[in-house]
Amino acid sequence: MHTQTPIAGPQPALTAATLRQAIAELCAADDDLAALAARHGTPPLWARPPGFATLVLIILEQQVSLASARAAFDRLTAATDPLTPDRLLQLDDAALKRIGFSRQKAGYARDLAQAILDERFDPAALAGLPDDAARRALLQRKGIGHWTADVYLLMALGRPDVWPAGDLALQVAAQEVKGLPARPTLDELTALAEGWRPWRSVAARLLWQHYLHR
């Protein structure tokens with residue numbers, strides 16, 4: 001597996017072809033990942049459209065099940081249609097609560113919407129930034145932490161080497177796949193993934209697929 005080299009701009013987004021290339025390289029380097037690929041096949045790209053709506057969805061997914069977050073997001077899109085920053089800001093507290101927003105997440109979504117309308121934050125500009133710079137821009141927004149930023153980079157921007165070490169499903173899957181005595185800490189999971197560069201986003205997909213088939 002080749003090593004990562006510093007780059008000035010963003011790496012090309014993953015495609016079906018580069019996903020297969022990445023899996024081949026990961027399988028050659030790690031027998032446990034090779035076993036996952038043999039058992040479950042190529043994982044989905046799980047691509048999401050970049051932009052405001054996907055960021056709101058990921059905010060809704062924080063610390064809840066994906067199913068409940070998706071249900072709330074579907075209610076939100078039905079209430080706005082289309083979901084844009086200005087349309088979200090037209091919803092009052094009661095409406096957002098009925099949709100499924102906690103008070104805290106409603107504040108995060110409103111802050112994001114207002115920042116876009118005020119031109120203090122431009123989601124479209126993230127595509128032209130390297131991973132670290134795009135992550136820093138996301139982390140400046142209220143309620144967007146490392147997990148939210150990493151999931152956006154991985155799924156919406158298709159970056160090939162992002163590792164959301166704070167993801168619970170990845171922690172559980174890594175413990176099972178690697179036969180660890182306990183669920184790895186964030187630092188332990190980060191160290192474990194070093195050997196999967198420059199395809200950590202693909203390793204994450206393999207582990208997520210394992211988690212979904214448990």
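- Note: Thr42 OG1 to Leu206 CG = 8.0 Å, rounded to the nearest 0.5 Å.
- Taking Asp118 as the reference, Arg120 meet the salt bridge (Lys or Arg N to Asp or Glu O under 4.0 Å) condition, with sequence neighbours excluded.
- No donor-acceptor distance shorter than 3.5 angstrom exists from the side chain of Gln209 to the backbone of Ala37, with no hydrogens or angles considered.
- Between Arg70 and Asp74, at least one side-chain nitrogen of the basic residue sits less than 4.0 Å from a carboxylate oxygen of the acidic one, meeting the salt-bridge criterion.
- The two residues Arg183 and Leu168 come nearest to each other via the heavy atoms NH1-CD1, 3.2 Å.
- Under the 3.5 Å distance criterion, the side-chain polar atoms of Ser201 are matched with a main-chain donor or acceptor of Val162.
- Rounded to the nearest 0.5 Å, atoms CZ (Arg214) and CD (Glu176) are 4.0 Å apart.
- Under the 4.0 Å criterion applied to side-chain N and carboxylate O atoms, Lys178 and Asp30 are assigned as salt-bridge partners.
- Salt bridge Glu25/Arg200: absent, no basic N to carboxylate O contact under 4.0 Å.
- Side-chain contact between Arg135 and Leu129 is absent, with no heavy-atom pair separated by less than 4.5 Å.
- Put simply, the side chain of Ser68 gets close to the backbone of Ser65: a donor and an acceptor are under 3.5 Å apart.
- Taken from CD1 in Ile99 to CZ in Phe73, the straight-line distance is 11.0 Å, to the nearest 0.5 Å.
- Here the side chains of Arg141 and Tyr108 are not in contact, with every heavy-atom distance at 4.5 Å or above.
- Shown here for Pro49 and Ala156, the closest heavy-atom pair between the two residues is O-CB, 4.3 Å.
- Scanning both residues, Leu126 and Ala137, for their nearest heavy atoms gives CD2-CB, 3.8 Å.
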Leu138 vs Leu55, test: side-chain contact (heavy atoms from CB on, under 4.5 Å). Steps then yes/no. CA-CA 10 Å; Leu138 285 163; Leu55 281 167; 3.8 Å; yes

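- Within the model, atoms CD of Gln11 and OG1 of Thr18 stand 10.5 Å from one another, a figure rounded to the nearest 0.5 Å.
- To the nearest 0.5 Å, atoms CZ (Arg98) and CG (Leu91) are separated by 9.0 Å.
- A 4.5 Å side-chain heavy-atom check between Pro164 and Trp208 finds at least one atom pair inside the cut-off.
- Shown here for Ala113 and Leu89, the closest heavy-atom pair between the two residues is CB-CG, 3.9 Å.
- Residues Ile59 and Lys105 come closest through the heavy atom pair O-CE, 3.4 Å.
- Side chain of Thr54 to backbone of Pro50: no donor-acceptor contact under 3.5 angstrom is found.
- Under the 4.5 Å side-chain contact rule for hydrophobic residues, Val172 and Val64 do not share a cluster.
- Distance alone, capped at 3.5 Å, places no donor-acceptor pair between the Gln175 side chain and the Pro184 backbone.
- Salt bridge present: Arg110 and Asp93 bring a charged side-chain N and a carboxylate O closer than 4.0 Å.
- Put simply, the side chain of Pro123 reaches to within 4.5 Å of the side chain of Ile116, judged on heavy atoms.
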Stepwise side-chain contact (heavy atoms from CB on, under 4.5 Å) check, Leu57 with Phe52: CA-CA 9 Å; Leu57 173 57; Phe52 173 69; over 6 Å; no

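- Under the 4.5 Å side-chain criterion, counting only non-hydrogen atoms from C-beta, Phe101 is in contact with Leu76.
- Annotation: side chain of Ile144 is not in contact with side chain of Phe121 (no heavy-atom distance under 4.5 Å).
- Between Leu139 and Ala149, the closest heavy-atom pair is CD2-CB, 4.3 Å.
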Determine, step by step, whether Val202 and Asp161 satisfy the side-chain contact (heavy atoms from CB on, under 4.5 Å) criterion, reporting the C-alpha distance in whole Å, the side-chain angles of both residues, the deciding distance to 0.1 Å, and the verdict. CA-CA 8 Å; Val202 179; Asp161 193 40; over 6 Å; no

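- Inter-residue side-chain proximity for Arg205 and Leu154 is flagged as met; some heavy-atom pair is nearer than 4.5 Å.
- Note: the hydrophobic cluster containing Leu212 also contains Ile58 (ILVMFWY, side chain heavy atoms under 4.5 Å, direct or indirect links).
- Residues Trp46 and Leu36 share a hydrophobic cluster, clusters being chains of Ile/Leu/Val/Met/Phe/Trp/Tyr side chains in contact below 4.5 Å.
- Between Thr84 and Asp86, the side chains place a donor N or O and an acceptor N or O closer than 3.5 Å (distance only, hydrogens not considered).
- A ring pair (Phe, Tyr, Trp, His ring centres under 6.0 Å) check over residues 140-180, counting only residues at least two apart or in different chains, returns the pairs Trp163-Trp196.
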Apply side-chain contact (heavy atoms from CB on, under 4.5 Å) to the pair Thr77 and Asp81, showing each step before the final yes or no. CA-CA 5 Å; Thr77 55; Asp81 191 27; over 6 Å; no

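- The side-chain heavy atoms of Leu88 and Leu83, taken from C-beta on, include a pair separated by under 4.5 Å.
- A distance of 11.5 Å separates CZ of Arg159 from CG of Asp150, quoted to the nearest 0.5 Å.
- Under a cut-off of 6.0 angstrom, the local environment of CG in Asp122 is crowded, with over 12 non-hydrogen atoms contributed by other residues, nucleotides or ligands.
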